[in-house]
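Small disclaimer: the values here were computed from a predicted structure and weren't measured.
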Amino acid sequence: MAAIRRKFGEDYQVVNTNRGMTFCAPTKRKRQRFVEKNGRCNVQHGNLGGETSRYISDLFTTLVDLKWRWNLLIFILTYTVAWLVMASMWWLIAYIRGDLSRGGHDASYTPCVANVYNFPSAFLFFIETEATIGYGYRYITEKCPEGIILFLFQSLLGSIVDAFLIGCMFIKMSQPKKRAETLMFSQDAVISQRDGKLCLMFRVGNLRNSHMVSAQIRCKLIKSRQTPEGEFLPLDQCELDVGFGTGADQLFLVSPLTICHEINSRSPFFDLSQRSLMNEQFEIVVILEGIVETTGMTCQARTSYTEDEVLWGHRFLPVMSLEEGFFRVDYSQFHNTFEVPTPPYSVKEQEEKSSLTSPNPLPAAAPTPSSPPTGNGGRGTRRGRLLSADDTDHVDDQTAKLPSKLQRMSSTREEQLWRGGKSAAALPGGKASSTGDLPLSIQRLRSSSIPAPRQGGRPEEQVQLLSLDGDAEEVELERHKPPPAAISTITTPNLGSFAGGRQEDNLPPKLRRMNADR
């Protein structure tokens, strides 16, 4: 206990939930259970009518399912009646042959069974024959064919009775139902938080050193309900998830384990709170199945928890301790719990409260180059953003993703902007050309090879394109438009030397057709 206090602190309260010292909870009227604490189903079948013959057709299982007192009674009566009947048949053969009228058999007379004078001697002969004791004093002779036939019938009937009754007793003694007596369940279930989630928990343990192979646990919630159609279901069964999806229901039961059911939106206890628990009526049936390691037979252990046996805000006391070279389990603390801080609200109420106090607004969409912001702020942003000639491929890719109609509208609008804002001087062929009509490689070569007018004595070698839209932006473009002399200085001399005469001769056929159309 000192180690537990060091682990949990001095302020925890241990609650012994044994039936001798129960937790002080509001007393409620004891109601009928569907499954008892020892696992027995509290159900009786009645008014079977003519269906009782089905029990006789499966007589072996019927005898195995009977209680021990009835099995022993049937076992004793079967052998006693069989012995008396067979002894009577041997006495009847002796009586018919006249062996009983002779007080003693002389050497000249051969009886059916030697030394059988009355019923007790016939009964002893049958027991000696059936048990193969063979004292040698009473024996059958060859002068009695009816005795030989009865002897064969006695041997066959005895073998059948022995196999049936002894096999039934052996199966009942080795029944895996008795293995369930050494599987323990906690007297109460608890509801508290684990890993930040509200959970329903109970404890299971194995008292034997032999393991339960492939142990699996399942839980059923039995609660009356009424369907939307008005049908009343008195014992409706609902599955409680104890780790079926994660594999937590597959147990390695070598030490006591705490089985956990997370209460979430899919749980039947989603709207269960500490206050509503006092008014609920339900029963949780726990089924533990596994294979007995020593016999290889399947074993099933059951128990149940009613609403009175579910403790809100409790947690099980630890029972494992580390000793020198091994772990020790203290089963005296197996059923004990202690109180822990737990919200009295249901999971549904907690989720509604958290959604009201901390809403999650949708984040504002950031502007992208393909969808520029509108308004004065958008114009100011676009007015201050300059795109270099290297970014034209990215803009063309985004335009290509639009429908054909929008592509034509976008291309027409861009042509108007380029004609109004960045018109180039007339070429020798008599056609006007802009930088956007040239291939990207020519634009880069032109931006690096054409000298720009000097501003403050420093040449400007990068051609920048203003991305503007609207009439208001055209006015702004005219304000920053370079003088015509500078444009002619930029375009006319070097294009002739670069293109070798006319620009159309070096352009792709598609661009030449576009310029011709313009």
Parallel, tilted or perpendicular: ring planes of Y305 versus F202, cut at 30 and 60 degrees: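 Correct class here is tilted.
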
Aromatic ring pairing F164/F60, orientation class (parallel under 30°, perpendicular over 60°, tilted between): perpendicular

Does the side-chain contact (heavy atoms from CB on, under 4.5 Å) test come out yes or no for L277 and F269, once each step is laid out? CA-CA 10 Å; L277 181 61; F269 299 128; over 6 Å; no

Can you establish whether the number of heavy atoms outside D195 located under 6.0 Å from its atom CG is more than 12?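 12 or below, so no.
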
Smallest separation among heavy atoms of [X] and [Y], with atom names:
{"X": "T182", "Y": "N206", "value": "O-OD1, 3.6 Å"}
{"X": "S210", "Y": "R179", "value": "O-NH2, 3.1 Å"}
{"X": "V285", "Y": "I222", "value": "CG2-CD1, 3.4 Å"}
{"X": "E307", "Y": "E280", "value": "CG-O, 3.2 Å"}

With sequence neighbours left out, write down each residue that passes ring pair (Phe, Tyr, Trp, His ring centres under 6.0 Å) with Y331, or none if nothing qualifies.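 Y331 satisfies ring pair (Phe, Tyr, Trp, His ring centres under 6.0 Å) with F334 once adjacent residues are dropped.
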
For a side-chain hydrogen bond (donor to acceptor under 3.5 Å, both in side chains) with K220, tell me which candidate from E283, Q237, E239 qualifies. E239

Side chain to side chain, S321 and D330, heavy atoms closer than 4.5 Å: no

Under 3.5 Å donor-acceptor pairs involving side-chain atoms of residues 229-236, not counting sequence neighbours:
from	atom 1	to	atom 2	distance (Å)
E229	OE1	T227	OG1	3.4
D236	OD2	R225	NE	2.7

